[in-house]
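Take a look at the structure set out below.
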Amino acid sequence: MTTGYDDNNIFAKILRGEIPCHKVYEDDDTLAFMDVMPQAPGHLLVIPKTGSRNLFDADPAVLAKTLPVVQKLANAAKEAFDADGVYIAQFNEPAAGQTVFHLHFHVVPRKEGIPLKPHSGTMEDGAVLAANAQKVRDAL
Ligand code: AMP
């Protein structure tokens, strides 16, 4: 059952600066940062600053500002990681795999023939995440 938006979720805490992230991009409406459990090198997340639980309750005006940022980060991640393609994923409700209840888009660089690691699998080393964030920033 959908229970609405709770601003104690971990991405809301990142937006308030209460917990750290490896930031790659920010504007007035959007934040992008590295996923701490990447499914491939360069896996990052794009989130609107306006809270919604997921796509179902998002304001279309917010979505209209978010997708161009997803596109920008997809291009940057592709270049930064010399990817053959980029996987974009967005999950709505636990049945679909959602674990953090603030709307977010996964941006995952892909290489031919290299399988994705599991979703929410292993925590990456902070130094690796910092280096990968720098690579994406350099490609922006
Ligand atoms: P999901 O809600 O299933 O679409 O995915 C949530 C994603 O957030 C997972 O890929 C997690 O690895 C990632 N994640 C969870 N906590 C953090 C955090 N503190 N910083 C960055 N990524 C996170």
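Atoms within a ligand are numbered from 1 in the order they appear, just like the ligands themselves. FYI, the numbering just counts along the sequence from 1.
Identified under the salt bridge (charged side-chain N to carboxylate O under 4.0 Å, His left out) test for residues 27-43, with sequence neighbours left out: D29-K65.
Listed by chain and number, I10, F11, I14, F33, M34, D35, V36, M37, L45, F91, G97, Q98, T99, V100, H104, H106, H119, S120 each place a non-hydrogen atom less than 4.0 angstrom from ligand 1.
Every side-chain contact (heavy atoms from CB on, under 4.5 Å) that A139 has, sequence neighbours left out, goes to A76, E79, A80. For V36, the side-chain contact (heavy atoms from CB on, under 4.5 Å) partners at least two apart in sequence or on another chain are M123, L129.
Using the six-membered ring where Trp is involved, F91 and H106 have ring planes that are tilted, between 30° and 60° apart.
Checking Y5 against H102 by side-chain atom types alone, a donor-acceptor pair falls below 3.5 Å. Using modelled atom types, one finds a donor on one side chain and an acceptor on the other under 3.5 Å when comparing Q90 with N92.
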